[in-house]
Amino acid sequence: MVSFHSLLIKAIKRPRTAWLCIWAFGQLWWVDRHLQILAVNALKAPVFSTPQMLSQELHQEINHRVAVIAWAAHHHPCHPKCLHRSLVLYFWLRAQGIAAQLEVGWGDKMGHAWVSYAGKVLNDSSDVINLTPPLVKT
């Protein structure tokens with residue numbers, strides 16, 4: 001396995017990506033330490049009935065963050081799972097004023113978590129809803 005240090009050195013060549021990688025690592029640690037309370041609070045958050053349209057730039061930023069969070073989770077020592085990754089994205093979106101929803105589903109003896117906005121899955125494939133139907137709609 002490649003060390004975090006060598007991965008960070010590669011990321012430093014692109015300063016914005018390096019900052020996002022460091023941010024994602026820190027957020028994954030924080031989520032791991034507070035997982036239960038964060039998940040319960042996110043699932044209790046109110047759902048807004050009329051979501052705003054996301055700009056193309058914001059959509060690109062979300063996709064970039066999803067990729068960086070996934071990369072950081074893959075190399076993170078606490079081995080974050082889908083709930084960790086989804087909570088990091090969920091809280092970042094909420095901090096941006098975007099009323100995203102954390103969703104948790106269960107199907108075929110498998111649980112899964114993802115983030116959606118306006119009925120669209122943001123950090124997973126769109127068929128995740130069919131594979132692991134949501135237990136709680138927030």
Side-chain angles (χ1 to χ4, degrees):
M1 178 189 260
V2 179
S3 72
F4 172 68
H5 183 264
S6 65
L7 292 170
L8 188 58
I9 296 300
K10 288 180 183 178
I12 288 173
K13 294 177 182 175
R14 294 179 288 176
R16 182 170 181 268
T17 301
W19 180 88
L20 283 176
C21 291
I22 292 167
W23 169 83
F25 264 80
Q27 290 299 301
L28 288 166
W29 274 116
W30 181 74
V31 163
D32 188 60
R33 298 299 176 249
H34 305 92
L35 188 61
Q36 183 178 2
I37 191 72
L38 292 174
V40 169
N41 288 342
L43 289 170
K44 289 181 180 178
V47 176
F48 297 99
S49 59
T50 55
Q52 305 169 24
M53 291 294 295
L54 300 178
S55 69
Q56 182 66 23
E57 294 81 23
L58 187 53
H59 220 49
Q60 288 175 342
E61 179 65 19
I62 291 169
N63 290 336
H64 186 69
R65 296 244 175 187
V66 166
V68 168
I69 292 166
W71 177 88
H74 180 73
H75 299 289
H76 205 283
C78 74
H79 308 289
K81 304 294 182 211
C82 57
L83 183 57
H84 294 80
R85 295 187 311 266
S86 294
L87 283 168
V88 169
L89 179 64
Y90 170 83
F91 284 113
W92 177 77
L93 289 166
R94 287 287 177 136
Q96 304 307 306
I98 301 166
Q101 290 84 43
L102 174 70
E103 301 201 49
V104 175
W106 184 266
D108 196 27
K109 300 179 185 177
M110 179 180 89
H112 193 55
W114 65 93
V115 177
S116 65
Y117 180 74
K120 183 177 184 228
V121 178
L122 298 178
N123 63 334
D124 210 317
S125 64
S126 59
D127 67 339
V128 71
I129 295 170
N130 298 327
L131 298 172
T132 55
L135 295 173
V136 178
K137 268 293 207 200
T138 62

With a 4.5 Å cut-off on side-chain heavy atoms, are [Y] and [X] touching?
X	Y	answer
L131	D108	no
W30	L38	yes
L93	Y117	no

- Message: Under the rule for ring-ring contact (aromatic ring centres under 6.0 Å, His included), what residues qualify as partners of W106, not counting sequence neighbours?
- Response: none
Looking only at heavy atoms, what is the nearest atom pair of [X] and [Y], with distance?
X	Y	value
A45	R94	CB-NH2, 3.7 Å
E103	P134	OE1-CG, 3.5 Å
A39	L102	O-CD2, 4.2 Å
W29	P77	CZ2-CG, 3.7 Å
A100	V115	CB-CG1, 3.7 Å

- Report the C-alpha distance between W23 and V88 in whole Å, list the side-chain angles of each, state the deciding distance to 0.1 Å, and finish with yes or no for side chain to side chain contact (heavy atoms under 4.5 Å, CB included). CA-CA 10 Å; W23 169 83; V88 169; 3.7 Å; yes
- Message: If you count heavy atoms of other groups shown closer than 6.0 angstrom to CE of M53, is the number above 12?
- Response: no
- Using 30° and 60° as the class limits, which term best fits the ring planes of W71 and F25: parallel, tilted or perpendicular? perpendicular
Look up atom [atom1] in [X] and atom [atom2] in [Y], then write down how far apart they are to the nearest 0.5 Å.
X	Y	atom1	atom2	result
Q27	I69	CD	CD1	8.5 Å
E61	L20	CD	CG	6.5 Å
I98	L122	CD1	CG	8.5 Å
Q52	L58	CD	CG	9.5 Å

Who pairs with [X] by side chain to side chain contact (heavy atoms under 4.5 Å, CB included), at least two apart in sequence or on another chain?
X	answer
A113	C82, L83, S86, V104
V66	I62, L89, N123
D32	C78, H84

- Task: Examine distances only and state if a side-chain atom of Q101 and a backbone atom of A99 form a donor-acceptor pair shorter than 3.5 Å.
- Result: yes
- Note on the structure: Applying side-chain hydrogen bond (donor to acceptor under 3.5 Å, both in side chains) to K120 and not counting sequence neighbours gives H59
- Task: Name all residues meeting the side-chain hydrogen bond (donor to acceptor under 3.5 Å, both in side chains) criterion together with D127; count only those two or more places apart in sequence or in a different chain, and write none if there are none.
- Result: S125
